[in-house]
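Computed from a prediction, not measured in an experiment: that's the story for all the values here. The basis for the numbers below is simple: all heavy atoms, side chains too, and nothing from hydrogens, waters or symmetry mates.
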Amino acid sequence: YGIYAQDTWQFRHNITLNYGLRYDKEDGAFTGGTVPDPQVPGGCLQSNGLIPACGSDNANWQPRLGIAWSPSFENGTGHWLFGAPGKSVIRAAGGRITEMVDLNVTVNSRIFDGNTLFTQSITAGSIGSDGATGEQVLKTYPNLPSASLLDLFKPVGYYGRVRPISPTLKNPQVNMASLVYQRQLGSSFTYSIGYQAAFTHGLFGEKDTNFPTPIADPAHPGYFYMPGVPNPAFGPIRTVFSDRESGYNALVITAVKRM
């Protein structure tokens, strides 16, 4: 849900202020696990019962401010720069926008948890935990093998690749600003020169937190080797963090001629 308030104030006959404040909250957006555990960061674990996968973000205040000034110099330098009253305007604006969390991130955390979705290759020579063979699985084609039969081939204590969300995950924040000068020349020509900027903090990105740290080979200086993964119960642990940034800067020039 979201709430907002905004107002316009004509500070003077040629100065207008627009200002507002918005707040958004999305319940459940950071619940990437199904096992409550108040002892871990975020308060929950994936269904594997091992990896924290919940977070929260309540700091979604989004202020906005804009000002428009139409110079009204009758003479002097100001008149030379801006023209007669009403012939030019300077606009400046800034604001923060919260990009609400992509629910696919949460859904992926719940699906790729080593239980809900687990990928295992089974061949005719595979042997299950009770002696069942992979050939029994293959013979069920074109029908689907039963879940109980497939469970016999799942490695005990191994969850494969998972995709949890980090307990530190937050909504991305976009800070935007603009400054525009617009001038009318004559009765039919208008031009403008403006600057626009957008800087985003907290974009989502994945990092394999189970990736091993290369180890220097003492027998061969300058060479390294890869040890096993830190947590052998998992393959890649592709954790979603909000630690990416982006920036945009633009010069915008327009010209309009009324025919």
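- A side-chain donor-acceptor contact under 3.5 Å links Asp57 to the backbone of Ala59.
- In this structure, the side chain of Arg163 does not engage the main chain of Val105 through any donor-acceptor pair within 3.5 Å.
- A 4.5 Å side-chain heavy-atom check between Tyr191 and Leu185 finds at least one atom pair inside the cut-off.
- Every residue was checked against the side chain to side chain donor-acceptor pair (under 3.5 Å) condition with Thr34, not counting sequence neighbours, and none meets it.
- Donor-acceptor pairing under 3.5 Å is recorded for the side chains of Asn58 and Lys25.
- Considering CD of Glu206 and CD1 of Ile237, their distance stands at 12.5 Å, rounded to 0.5 Å.
- For the residue pair Asp24 / Thr98, no side-chain donor-acceptor distance below 3.5 Å is found, with atom types taken as modelled.
- By the 30° and 60° cut-offs, the orientation of the rings of Tyr158 relative to Phe118 is perpendicular.
- Between the side chains of Ser126 and Thr123, a donor-acceptor pair is found at a separation under 3.5 Å.
- Between Phe82 and Phe73, the ring planes lie parallel to each other; the angle is under 30°, not in the 30° to 60° tilted range.
- Between Ser129 and Val156 the shortest side-chain heavy-atom distance does not fall below 4.5 Å.
- The shortest side-chain heavy-atom distance between Pro214 and Met226 falls under the 4.5 Å cut-off.
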Step-by-step side chain to side chain contact (heavy atoms under 4.5 Å, CB included) determination, Phe234 to Ile51: CA-CA 10 Å; Phe234 296 91; Ile51 298 182; 3.6 Å; yes
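- Smallest separation of non-hydrogen atoms from His13 and Ser72: NE2-OG, 3.9 Å.
- Heavy atoms only, all atoms of each residue included: Asn175 and His201 are closest at ND2-CD2, 3.6 Å.
- Side-chain atoms of Gln136 do not come within 3.5 Å of backbone N or O of Leu138 as any donor-acceptor pair.
- Considering all non-hydrogen atoms of both residues, Gly32 and Ile165 come closest at N-CD1, 3.9 Å.
- Side-chain contact between Phe204 and Leu169: present, with at least one pair of heavy atoms (C-beta onward) separated by less than 4.5 Å.
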If you apply the rule side chain to side chain donor-acceptor pair (under 3.5 Å), what do you find for Thr254 with Ser192, and how did you get there? CA-CA 5 Å; Thr254 68; Ser192 69; 2.4 Å; yes
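- In this structure, Gly134 and Ile122 approach most closely via the heavy-atom pair CA-CG2, 3.7 Å.
- Contact annotation: the side chain of Leu152 never approaches that of Ile127 to less than 4.5 Å [non-hydrogen atoms, C-beta and beyond].
- Although no hydrogens or angles enter the test, the distance criterion places a donor-acceptor pair under 3.5 Å between the side chain of Gln46 and the main chain of Phe112.
- Within the 4.5 Å cutoff, the side chain of Cys44 has no heavy atoms near those of the Val35 side chain.
- Using modelled atom types and a 3.5 Å distance limit, the side chains of Lys154 and Asn115 yield a donor-acceptor pair.
- In plain terms, the two heavy atoms of Leu179 and Ile90 that are nearest each other are CD1-CG2, 4.1 Å.
- Side-chain contact between Thr116 and Arg110: absent, with no pair of heavy atoms (C-beta onward) separated by less than 4.5 Å.
- Using modelled atom types and a 3.5 Å distance limit, the side chains of Asp7 and Tyr19 yield a donor-acceptor pair.
- A donor-acceptor pair is defined here as one N or O able to donate and one able to accept, closer than 3.5 Å; such a pair exists between the side chain of Thr106 and the backbone of Ala29.
- One finds the NE2 atom of His79 at 10.5 Å from the OG atom of Ser88 (value rounded to the nearest 0.5 Å).
- The two residues Leu117 and Asp113 come nearest to each other via the heavy atoms N-OD1, 4.0 Å.
- With rounding to the nearest 0.5 Å, the separation of CD1 in Ile97 from CD in Gln173 is 10.0 Å.
- Rounding to the nearest 0.5 Å places CG of Leu17 at 12.0 Å from CZ of Arg12.
- In terms of modelled atom types and a separation under 3.5 Å, the side chain of Asn14 and the main chain of Trp69 share no donor-acceptor contact.
- Counting only distance, with no hydrogens or angles, the side chain of Arg64 and the backbone of Ala93 share no donor-acceptor pair below 3.5 Å.
- Summarising the geometry, atom CG belonging to Asp243 is positioned 8.0 Å from atom OG1 belonging to Thr168; distances are rounded to the nearest 0.5 Å.
- Within the 4.5 Å cutoff, the side chain of Asn210 has no heavy atoms near those of the Pro236 side chain.
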